[in-house]
Amino acid sequence: MSITYCGGTNKMKPMLPTYYPEAPKSTDWRYEVKYDGFRAILTIDAHTVKITSRNGKELSSLFPEISTFINDLDLKSFLPLQLDGELVWLTNEAKADFFEVQWRGRLRKQSLISEKANFTPCRFIVFDLLRINGNDLTTNSMSERRKMIKNLGEILELPMPPNPNDKALIQLIESYVDLDKAINKVILLDGEGIVAKEIQSTWQEGKRSTSWIKVKNWRAVSCFITALNKENGYVSLAVYKGNEITKIGSVKNGLSAHDKSILHELIKQNASEEDEQFFYIHPSICIEVQFLHVYEENELREPQFSQWLLQTSPNECTWEKFVISQFTFPDSIQISSRDKPLWIIDDKQVIKVEYLQYLREVSAFFLPFLKDKLLTTIRYPHGSMDNEKFFQKNKPDYAPASIKTFWDEGIEYMLCNDIETLLWFGNQLALEFHTPFQKAGKVKPDEIVLDLDPPSIEFFSLAIKAALEIKKVMDSLNIQAFVKTSGNKGLQIHIPLPEDIFSYQETRMFTDFLGHYLISSYPDDFTMERLKKNRQNRLYLDFVQHSEGKTIIVPYSPRGNPFAGVATPLYWEEVGERLQLKDFTIETVPNRIKRLGCAFKDYRHVNNGPTFLEVLSFLKQKKTNS
DNA sequence: GGGAGCA
DNA sequence: TGCTCCCAACGCTGT
DNA sequence: ACAGCG
């Protein structure tokens, strides 16, 4: 066997999985989530960190955040260390976005790279350990290597399974004993697929091995053929959008040689037209095509022929069915009326599965704010366009038993602590999620939220002005504050506090002080006047809203308003005259997170406790003096 | 969205 | 079988 | 006590 030295000139070619349509199922195998990113080997010695791609390209300078993170780890006793894994842009526990990492890999401008590294860092997901302490482990069995990875992860406190909301940039893959559990997880979280690994297998350099088997999480669409490309053999695919034929992509792979020749003959013989490049054919031949996901509206990623649809008429291949086919959910998640329209934005419908997809996309950032809080949802059983809506707190009898509940004042509240529950709420058409400021069972708030709601959208600039004034005060007090849109017409300031320390009476002293400061500084802009008729067009500082029993819209909750607004965490730099609330919707927020990250990612990492205590004692003193 | 109560 | 109804409810403040 | 506000 050959030994590869760290820092040497040898290029380590990774062991590769073999593609199978189905995973082997036995106790000799373990199952891992397959992430869509760059396969890479991480080599760390006392002086250098190297990230090497599958084709031997050096990636560490393109992803400097990984090296920076590693340099802060205490690895001395493990060096030289070599890890096998995937460099990814993590969406959730079981999904990575290939386009984001690919785009990152193409950046060359240093300033842009470091900006991205800071706001939307990529992560290295470890699934194998090749060397530790300089000892070669590649001839050890997979199960032995796995044990050592787990051990290393525990010592270094690296997250497992991966979590995009965790600041650690090296994270560990989970290894499942149960195939169905792994598949269920991947389908639930819209992942790429799984890799099955034989427990006795060794790590074989540069080899495509049948000890590692990859299985993809395919989506499938029924469509018809419109053309054959003479040059490259690609077949154009389309569906009906009303009466119009709409292209959805093209496919070449997946056909046997026999099927391929049948298909090409069929198109040539029935062609309605022919030019230099294509044979064209009217809708008649229907096929099912598998793909991983759709990009740019009408291109399929990794399309594959899966079967002939001889019994299907082209009329049955519709755009609506195509949209639904993109989103698969495990059988354990029951979804009714998948195509029900919930919002209509400029003639474009957002249907129920697209809403569920939104929830799944933001879940890693949304769920932490719902965790262990008594939930009030607003349900729109006929979508946001209909007048009928109602609040719901109590767990209905038909809710799944798996949902955790908490009794408070005669109400059995539901807690939304996991993605399954979130999707259940989504299927129930809960479009808005509201929570109090304290965790279930606690009497003291863990945050202050200030609601800056202008009298109407025309006066939105007042909310901006108030937010920026409050930011100035917070900066001068050295208190860290966060800002988000309400999803409707205003802004909200969040101030995280340590849990269960300060009382509502104390936070009230602070909001009173802030309110009085603002109205005395800008009496024409802000008011604390309760009576509407006395407010004129001033912004009402409803700081009374901050008390026990009151609720506030949760970050990343959608709103049941016509433009599908989302309560969106913002960066302070974005708060200015150019801010447009209509830009923050269920259509835009998932991409926003990919481009800019979550603006609240430090929310539970800041400690406002000591400074808030100081400010309070100052306010208390002021009160006794006056 | 889904159950219950009712005709 | 189809219809209608239900699904929250608190606290603060000015008069 | 009650209306008005969120």
Side-chain angles (χ1 to χ4, degrees), chain A residues 329 333-342 351-353 355-356 359 373-401 403 405-414 421-438 440 443 445 448-456 463 466 486-493 503-505 507-509 511-512 515-516 519 526-536 538-554 559-561 567:
Chain A
F329 294 88
I333 304 288
Q334 278 164 29
I335 304 170
S336 52
S337 328
R338 289 174 185 244
D339 57 351
K340 177 179 274 197
L342 303 184
I351 61 172
K352 196 200 256 186
V353 277
Y355 172 46
L356 296 177
L359 294 176
K373 294 224 169 178
L374 303 182
L375 185 60
T376 302
T377 59
I378 304 180
R379 292 180 50 190
Y380 293 73
H382 313 297
S384 66
M385 305 82 75
D386 192 90
N387 281 333
E388 190 182 340
K389 62 173 177 185
F390 58 88
F391 289 74
Q392 186 159 42
K393 294 180 172 180
N394 255 306
K395 182 178 95 78
D397 292 339
Y398 53 84
I403 296 182
T405 62
F406 190 94
W407 283 94
D408 187 69
E409 311 212 345
I411 293 173
E412 188 182 16
Y413 283 91
M414 291 175 277
T421 307
L422 184 60
L423 293 176
W424 180 80
F425 274 112
N427 184 56
Q428 289 287 304
L429 297 188
L431 301 190
E432 296 194 12
F433 297 75
H434 300 251
T435 61
F437 308 102
Q438 75 281 359
V443 277
I448 294 174
V449 184
L450 308 169
D451 196 7
L452 307 175
D453 200 23
S456 66
S486 71
N488 279 330
K489 57 182 167 42
L491 294 174
Q492 288 163 352
I493 314 271
S503 68
Y504 275 106
Q505 192 232 322
T507 56
R508 183 58 191 274
M509 284 181 74
T511 56
D512 270 351
H516 286 114
I519 58 171
F526 310 130
T527 175
M528 284 167 84
E529 183 66 64
R530 240 143 308 276
L531 261 66
K532 242 179 183 169
K533 57 175 180 158
N534 295 338
R535 283 185 206 160
Q536 288 98 35
R538 292 176 291 178
L539 183 139
Y540 176 46
L541 298 174
D542 182 22
F543 292 177
V544 180
Q545 182 76 14
H546 192 269
S547 62
E548 198 183 353
K550 296 287 164 57
T551 63
I552 197 85
I553 191 79
V554 178
R559 304 302 298 246
N561 61 23

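Being a predicted model, the structure only gives us computed values, none of them experimental. So you know, we letter chains A, B, ... as the sequences are listed, proteins then strands, and number each from 1.
Aromatic ring orientation, Phe425(A) versus Phe433(A): perpendicular (interplanar angle above 60°, classes split at 30° and 60°).
What you find for Thr435(A) and Leu375(A) is that their closest heavy atoms are CG2-CD1, 4.0 Å. For Ile351(A) against Asp339(A), the heavy-atom pair with the smallest separation is CG2-O, 3.5 Å.
Here dG1(B) presents its C1' atom at 16 Å from CD1 of Ile333(A), a figure rounded to the nearest Å. In this entry the distance linking NE2 of His382(A) with C1' of dG1(B) reads 8 Å, nearest Å. Residue Asp386(A) contributes atom CG, which lies 11 Å from atom P of dG1(B) at whole-angstrom precision.
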Contacts under 3.5 Å, N or O only, protein and nucleotides 11-15 of chain C:
from    : atom 1 : to        : atom 2 : distance (Å)
dT13(C) : OP1    : Arg508(A) : NH2    : 3.1

Please produce a list of atom pairs where a protein N or O lies less than 3.5 Å from an N or O of nucleotides 5-8 of chain C.
from   : atom 1 : to        : atom 2 : distance (Å)
dC7(C) : N4     : Glu388(A) : OE2    : 3.3
dA8(C) : OP1    : Lys393(A) : N      : 3.1
dA8(C) : OP1    : Asn394(A) : N      : 3.3

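No more than 12 heavy atoms of other residues, nucleotides or ligands shown are found within 6.0 angstrom of CD on Gln505(A). Within a 6.0 Å radius of CG in Asn534(A), other residues, nucleotides and ligands contribute more than 12 heavy atoms.
Note on Asp542(A): only backbone sugar-phosphate atoms sit closer than 4.0 angstrom, heavy atoms only; bases stay farther off. Contacts of Asp453(A) with the nucleic acid, taken as non-hydrogen atoms under 4.0 Å apart, are absent. Within 4.0 Å of Lys340(A), counting heavy atoms only, lie sugar-phosphate atoms of the nucleic acid but no base atom.
Two residues are said to be in side-chain contact when any heavy atoms from C-beta on lie closer than 4.5 Å; Thr527(A) and Leu539(A) fail this criterion. By the 4.5 Å heavy-atom criterion applied to side chains, Leu423(A) and Ile333(A) are counted as neighbours. Between Arg559(A) and Ser486(A), the closest side-chain pair of non-hydrogen atoms falls below 4.5 Å.
Spacing between dG6(D) and dA8(C) at atom P, rounded to whole Å, works out to 23 Å.
With sequence neighbours excluded, no residue satisfies salt bridge (charged side-chain N to carboxylate O under 4.0 Å, His left out) with Lys352(A). With sequence neighbours left out, the salt bridge (charged side-chain N to carboxylate O under 4.0 Å, His left out) criterion links Arg338(A) to no other residue.
Protein chain A touches strand DNA chain D; the 5'-most and 3'-most nucleotides with an atom under 4.0 angstrom of its non-hydrogen atoms are dC5(D) to dG6(D).
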Mind listing the side-chain donor-acceptor pairs of residues 387-396 of chain A below 3.5 Å, one per line with the distance, residues two or more places apart or on another chain?
from      : atom 1 : to        : atom 2 : distance (Å)
Glu388(A) : OE1    : His382(A) : NE2    : 3.2
Gln392(A) : OE1    : Arg379(A) : NH1    : 2.4
Asn394(A) : OD1    : Glu412(A) : N      : 2.9

